[in-house]
2 protein chains.
Amino acid sequence: MLKEDRHNIIVEETVTNGSSSFQSLSKKLAVSEDTIRRDIKELDNKGLLRAVRGGAVSVSRIPHHYRDRENTDIDQKKIIAQKAVSLIKSGQVLFFDGGTSVLELAKILPLDLKVTIITNSFPVANAIEDHPTAELIFLGGKLNKTSFSTYGNETLQGIAKFKVDIYFLGICSIAPDKLSCKDLEEAETKIAMMRHSVKTVGLCTSDKINSESPYFVAQTGHMHTLITENSKGTPGTKALARLGIEIL
Amino acid sequence: MLKEDRHNIIVEETVTNGSSSFQSLSKKLAVSEDTIRRDIKELDNKGLLRAVRGGAVSVSRIPHHYRDRENTDIDQKKIIAQKAVSLIKSGQVLFFDGGTSVLELAKILPLDLKVTIITNSFPVANAIEDHPTAELIFLGGKLNKTSFSTYGNETLQGIAKFKVDIYFLGICSIAPDKLSCKDLEEAETKIAMMRHSVKTVGLCTSDKINSESPYFVAQTGHMHTLITENSKGTPGTKALARLGIEIL
DNA sequence: AAATATAATGCAAAACATTGCAAACAATAG
DNA sequence: CTATTGTTTGCAATGTTTTGCATTATATTT
């Protein structure tokens with residue numbers, strides 16, 4: 001076996017599993033652990049993976065604190081994303097904001113869908129990068145290093161240039177009367193996206209229903225559809241349904 | 001058997017398997033390993049495959065996708081980035097374009113440097129995300145899925161709002177008289193960045209000197225400084241130095 | 001702090017690459 | 001037909017890289 005082949009297998013193994021150990025690779029490739037160690041050191045230098053004690057881990061463009069958030073309630077978010085995707089039709093233009101449920105939607109976008117996605121979120125952009133037919137317009141602006149999205153005047157002006165079909169809104173907190181979030185700039189972005197879309201669809205794990213955050217986004221009634229992972233209505237969703245919001 | 005036939009078989013074997021070894025080819029084609037070695041060296045020169053220790057690997061999965069390009073000539077790019085970083089002072093505002101040498105510069109930016117970086121490149125943005133003090137302004141626009149950078153009217157308008165201290169220009173091709181690149185939109189972006197910066201610093205691995213690409217960017221003379229990994233001047237760099245370009 | 005596991009280092013054997021050379025072969029001109 | 005030239009091929013000598021093992025150093029756990 002060529003060294004090149006071995007390197008490819010190591011990288012592949014590491015990327016698909018998220019990590020790999022000297023032990024397992026040594027057995028799998030029938031070479032000593034020392035050789036694997038040296039291989040991984042080389043691959044680390046090339047930036048193809050990161051060498052750690054005991055083996056290697058895959059390098060991810062998106063840091064951990066975001067990743068953690070991304071992976072909480074992942075099953076619920078997948079259900080929500082599934083429901084949301086059924087609302088999208090080819091040819092539409094969509095706003096995606098920086099929420100993690102919205103990101104999940106970006107990840108499962110059917111490969112034959114020809115849509116234009118406008119976003120201020122780097123993780124969303126990374127997800128769409130690999131999509132064959134979706135077009136992406138990224139909103140410029142200052143970088144928020146915790147949410148990995150852009151904000152500020154530049155971003156708001158960018159949003160104002162469009163009037164899109166659907167805005168997929170990641171919900172931080174929803175009370176019976178109002179939507180709110182944890183960050184002033186994020187709130188401003190969400191407000192602008194709502195104003196420049198025909199229809200607003202909120203994505204929300206049900207634990208966020210009946211919670212509040214410091215920064216006001218909008219009256220709940222301005223949202224057209226709310227998607228949660230829970231199909232049978234809860235008291236919270238029923239109250240929102242009475243306001244005329246479609247619950248999915 | 002003709003040499004031509006042998007070459008065809010070698011390429012075919014290498015492409016279908018992803019790789020091939022001197023040993024197996026020698027047995028299969030009933031010639032010595034030395035001959036195979038010489039064949040593969042020839043085919044490598046023609047670009048039909050890549051010679052590696054022990055055999056050859058298929059060239060199909062090599063540089064065309066950004067994530068691969070990122071890792072070619074990495075050592076040279078590191079040298080270039082080291083030289084470039086010495087030009088940066090705290091307080092400056094900088095344009096970084098989407099070149100891979102420029103990305104390397106973004107990665108090694110000293111942690112105490114307080115600069116504002118304006119870029120249209122996602123990889124650069126990802127690199128700067130981790131930096132504690134650098135501020136990042138991202139230029140919105142349409143996404144180019146092969147270079148992972150934005151382009152178009154939106155991007156150009158974004159650029160036009162600034163007049164920065166230094167533009168770090170990733171060079172695709174440089175001939176004695178002109179800079180050029182492989183993509184119309186990329187060329188437009190580079191032109192705009194040059195116009196809206198006080199000083200343009202080109203980063204360029206020396207194999208790109210005296211090459212040409214379809215889309216014109218600028219007269220070479222509009223660049224103030226050129227950085228290559230090769231410190232002792234080559235005929236190519238000396239010609240450029242005579243045009244008044246500082247060579248580092 | 002001791003015990004244990006893991007990683008870096010030096011080394012020698014093996015695998016592989018490079019170079020130079022001569023034999024084999026083909027093409028061309030005299 | 002023969003001499004000349006140029007190319008291709010295999011072989012041997014020499015130089016380089018890779019690899020596994022033993023040793024020493026460094027983390028991690030108890």
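Note: hydrogens, waters and symmetry copies are ignored here, and every other heavy atom, side chains too, is used.
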Interatomic distance where [atom1] belongs to [X] and [atom2] belongs to [N] [whole Å]:
{"X": "Gln23(A)", "N": "dA7(C)", "atom1": "CD", "atom2": "C1'", "result": "14 Å"}
{"X": "Asp5(B)", "N": "dT9(D)", "atom1": "CG", "atom2": "P", "result": "12 Å"}
{"X": "Glu33(A)", "N": "dA5(C)", "atom1": "CD", "atom2": "C1'", "result": "11 Å"}
{"X": "Glu4(B)", "N": "dT7(D)", "atom1": "CD", "atom2": "P", "result": "15 Å"}
{"X": "Leu2(A)", "N": "dT19(D)", "atom1": "CG", "atom2": "C1'", "result": "15 Å"}
{"X": "Phe22(B)", "N": "dG10(D)", "atom1": "CZ", "atom2": "C1'", "result": "16 Å"}
{"X": "Leu25(B)", "N": "dG10(D)", "atom1": "CG", "atom2": "C1'", "result": "17 Å"}
{"X": "Ile40(B)", "N": "dT8(D)", "atom1": "CD1", "atom2": "P", "result": "16 Å"}

Under 4.0 Å protein heavy-atom contact, by nucleotide of nucleotides 22-29 of chain D - B base, S sugar-phosphate only:
B----SS-
[Y]/[X] salt bridge by N-O under 4.0 Å criterion:
{"X": "Glu42(A)", "Y": "Lys3(A)", "answer": "yes"}
{"X": "Arg50(B)", "Y": "Asp44(B)", "answer": "no"}
{"X": "Arg53(B)", "Y": "Glu4(A)", "answer": "no"}

Can you check whether any acceptor in the base of dG20(D) is under 3.5 Å from a donor in the side chain of Arg37(A), or vice versa?
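No such pair is found, so the answer is no.
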Picking from dG10(D), dT18(C), dG10(C), which would you name as closest to the side chain of Lys41(B)?
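The nucleotide sitting nearest to the side chain is dT18(C).
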Among dA17(C), dG10(D), dT19(D), the nucleotide that comes nearest once only the side chain of Lys3(A) is considered:
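The listed nucleotide nearest to Lys3(A)'s side chain is dT19(D).
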Should we count NE2 of His131(B) as having more than 12 external heavy atoms under 6.0 Å?
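Enclosed: over 12 neighbouring heavy atoms sit under 6.0 Å from NE2 of His131(B).
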Step through the shown structure and confirm whether more than 12 heavy atoms of other residues, nucleotides or ligands are within 6.0 Å of CD on Gln23(B).
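At most 12 heavy atoms, drawn from other residues, nucleotides or ligands, come within 6.0 Å of this atom.
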Under 4.0 Å: is that the gap between some side-chain N or O of Thr35(B) and OP1 or OP2 of dG10(D)?
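For Thr35(B), the contact criterion (side-chain N or O under 4.0 Å from OP1 or OP2 of dG10(D)) is met.
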Assuming nearest nucleotide by heavy-atom distance, tell me which of Asp39(A) and Asp39(B) is located more 5' along DNA chain D.
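Comparing both residues, the 5'-ward one is Asp39(B).
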Return whichever of Val31(B) or Arg6(A) has its heavy-atom-nearest nucleotide of DNA chain D closer to the 5' end.
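Result of the comparison: Val31(B).
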Axis bend over the full length of the helix from dA1(C)-dT30(D) to dG30(C)-dC1(D), computed from five pairs that close each end, to 10 degrees
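Rounded to the nearest 10 degrees, the bend comes out at 30°.
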Within this structure, what is the OG1-CG distance for the pair Thr119(B) and Leu143(A), rounded to the nearest 0.5 Å?
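The CG atom of Leu143(A) is 11.5 Å from OG1 of Thr119(B), to the nearest 0.5 Å.
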Taking for each residue the nucleotide of DNA chain C bearing the nearest heavy atom, is the 5' side occupied by Gly55(B) or by Arg38(B)?
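Comparing both residues, the 5'-ward one is Gly55(B).
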State, to 0.1 Å, how close [X] and [Y] come at their nearest heavy-atom pair, and which atoms those are.
{"X": "Thr14(B)", "Y": "Ser20(B)", "value": "OG1-OG, 2.8 Å"}
{"X": "Gly202(B)", "Y": "Ile171(B)", "value": "CA-CD1, 3.8 Å"}
{"X": "Thr150(B)", "Y": "Gly140(B)", "value": "OG1-O, 3.7 Å"}

Determine the interplanar angle of the Phe122(A) and Phe138(A) rings, folded into 0 to 90°, and report it as parallel if under 30°, tilted if 30 to 60°, perpendicular if over 60°.
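The rings of Phe122(A) and Phe138(A) sit tilted, inter-plane angle from 30° to 60°.
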